[in-house]
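Remarks on the structure that follows.
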Amino acid sequence: MYIDGDVLVISSEMDVSDVEELKNFIESRLEFIEEIHFEEEAPELFTSSSIFQLLFAIKKSKPEIKIPVIEKECTLFKNLGTIQWISNG
Amino acid sequence: MDKAKLKQIFIEEANEIIETLDIEIINFEENPNDKGILDQLFRGVHTLKGSANSFGFGRLGEFVHHFEDALDYFRTSDDEVTSEVIDVFLEAVDIIKAVLEYEVEEYEGNPENYERCLHDIQKILSAKKDGLPEPDLSAQEAPTGDIANEFDENPLLSKLENEEKLIEITLKFDEDIYFRGYDHGTFFKLISEEGRILESTWDMSKVPDLSTIDIQKCYIPKITIFLATTKEVANIEEIFEFVEADEFDIKLVETPAKKEAPQEEEEPLTQAPKGKTPPKNQKKKDEPKSFVKIDTTKLDELFDSVGELVIAQNFLGENRKISDLEDEGVNKTIETLSKITRLIQNRVMSLRMVPIKDTFDKMKRVVRDSSKKVKKEIILDVQGEDTEIDKTMVDKLADPLIHLIRNSVDHGIEATAEDRKVAGKSPAGNVSLRAFHKGGNIAIEVSDDGRGINRDVILKKAIERDIASPTEEYTDSQVYSFILQAGFSTAEKISDISGRGVGLDVVKNFIEGLHGKIEIESELGKGTTFRILLPLTLAIIDGMLVRSCGDTYIIPTLSIVESFRPTEDILHTAQGKGEYVNLRDELLPIVRLNQLLGLSEDAPPITEGTLVCVENENGRFTIFVDELVGRQQVVIKSLGKALAKLKEISGGAVMGNGEVALILNIDGIF
């Protein structure tokens, strides 16, 4: 995970405790982050679904933030076909 | 069965039919080409007529008979059902409700407007045609929806290669899945080793915002995966051998050729639209559900008993003597018991949950009636009507919502279409009604794109009425909350539907009675949103357990903004006004819980404890506690009469260790 300007680049291989740390990291810096994406170009899989929960929670708290992976159907992951998201907002 | 019981059944069924009539009429007005809605209305009214006559309810029978004639005319003719006809139909429903009450209560005479409305119905009919044919119910009793033999194919079937089959896997993991050491990621990996994952659909609608999310908790109630594989269903099932049976579902998506041929002609197979309806709809059609009516008090009793079971189970789980045994068998049994108990609790809980749709549907009539009364064109947008809410709350929500909607139509939306044009808006006003989950609660919003609330006018009136002080600074939300005070109305003209100053305070009281709260957001010239936040159920609240002087207390998370440990440099004392904390340039009062409740003075220094920032209608303040224990859903128990008088306490809950924790009433503290 690293920050490139106002873009936060994260890994798809984070487990729940990594995601917990990431949440704590982001909470105090959310206002400075404009975009979040995965560092891997076409990851095969993800380690923990908690990363997606976190991304949706971030989007809910800051709707203007760009998180391409959850903003429309996701075809990023090599072994997962198409992911459709159902959300309220 | 005796006649009195039969009569009671009739009354219940009649009320159910009547409840849907005006909803269907409004639906028909919105979809005038859908004659199926008129057919449905006609069938309901026909049933009502027959039952009314068999119970000797002649006045009801006669009125409904004429209404039925009118419906029959329009469903069998191509004549347009004008807005005026809809008005008469809606009034007819009101009369039917009133006549039923007259019949049940055995009042003499007819309700007000009975004759006039009957006359209006007859007038419509005589104007349309002479000599009506007898209503032909039998022609309608054939279930029209089943005539078209729909057969929708899953579009993913076309992506299968060679010997592959399409398997649908549904993951319905409990919220403690991460805690138990599992993760969707693990299962996706194992599934992907069995074939090709073509698609998955993730329900992320329950994910809260960043401030409330608990990463250790799973907020994804359902993921549906479509797997193309040459393996059998049984092979895929092996992946899930360590999770509970109700946490997954695996089935083969059958290709059309494998499905049993429809009994009627096969031609519709080629004519049916493809790829529109997912296969689960097909399943719904094939497996009709059956229902049992249950008295809600019985459900409440069952829920109470399950609450006791949860407490007893927690007591067992936290029993030192048992845990000291270090017996794997005993531990495993307690773990299983815990899981089953939680499963029962969730299932019993779900029995009380109903979609808010019925209540929202009723609001369509409210918007129609109130917009006509104030002569404004209003478009109602409804969203999230499938959101489920406690049945007890649904029943109590209708009145507050009616008032908020009327308020939006009457005061929110500009007086005339010209005023809206001047403001650069469309001539028709927009009112929206939205329900959604927010941080473990249900949020219901009534929004309008009208003129917004004039902060200065509200503040001036509040000062005039001694509700606000002219010297104090107020935030926008504090100013807007003044309009929820009893007797507060800024409407220049009292209208027939609102503006009497006796409404919004009632709404507020209603919502607070349901352990909820109201938030108001407004932008002058842009519109206003009233947001009702309610707990998922009246029986359980999501609470933050805190400790003060050795005792545990519960703060409803709905009221919590954040919590933090203060440092010396942000703590201040104002002479005669108590302690304050400077939280990001906002001075917030500090309420020490031990002092508030008259507990021991033996609290830690403030820099070693925790400040919980909470919010009520008076604004934000902080509560000083020794420590945070954790977040937990607790079953609310009412307190005895003596404790019920304490304004700082709203109830109690029994913790897993048998200890009773009091629930703080944030509105009564500061």
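Every chain is numbered from 1 and lettered A, B, ... according to where its sequence line falls, protein lines coming before strand lines.
- Taking CG from Leu76(A) and CD from Glu40(A), the interatomic distance works out to 8.0 Å, rounded to the nearest 0.5 Å.
- With a 4.5 Å cut-off on non-hydrogen atoms, Phe77(A) does not touch chain B at all.
- Of the possible donor and acceptor atoms, none in the side chain of Glu586(B) sits under 3.5 Å from a partner among the backbone N and O of Leu583(B).
- Annotation: side chain of Phe436(B) is not in contact with side chain of Ile442(B) (no heavy-atom distance under 4.5 Å).
- Within the 4.5 angstrom heavy-atom criterion, no atom of Thr387(B) approaches chain A.
- The parts of Ser200(B) that come within reach of chain A are both its backbone and its side chain, each placing non-hydrogen atoms under 4.5 angstrom from that chain.
- For Ser50(A), the parts sitting under 4.5 Å from any heavy atom of chain B are the backbone and the side chain alike.
- Contact annotation for residues 6-19 of chain A against chain B (heavy-atom separation below 4.5 Å, listed by residue number): Val16(A), Val19(A).
- Contacts between Ile83(A) and chain B at a heavy-atom distance below 4.5 Å involve backbone atoms as well as side-chain atoms.
- The structure places CG of Leu227(B) at 5.0 Å from OG1 of Thr229(B), a figure rounded to the nearest 0.5 Å.
- The backbone N or O of Asn235(B) lies less than 3.5 Å from no partner atom in the side chain of Lys231(B), so there is not a single donor-acceptor pair.
- Looking at Ile51(A), neither its backbone nor its side chain comes within 4.5 Å of chain B, counting heavy atoms on both sides.
- Interface residue Lys217(B): only backbone heavy atoms are found under 4.5 Å from chain A.
- Using a cut-off of 4.0 Å between Lys/Arg side-chain N and Asp/Glu carboxylate O, Arg531(B) and Glu521(B) are scored as salt-bridged.
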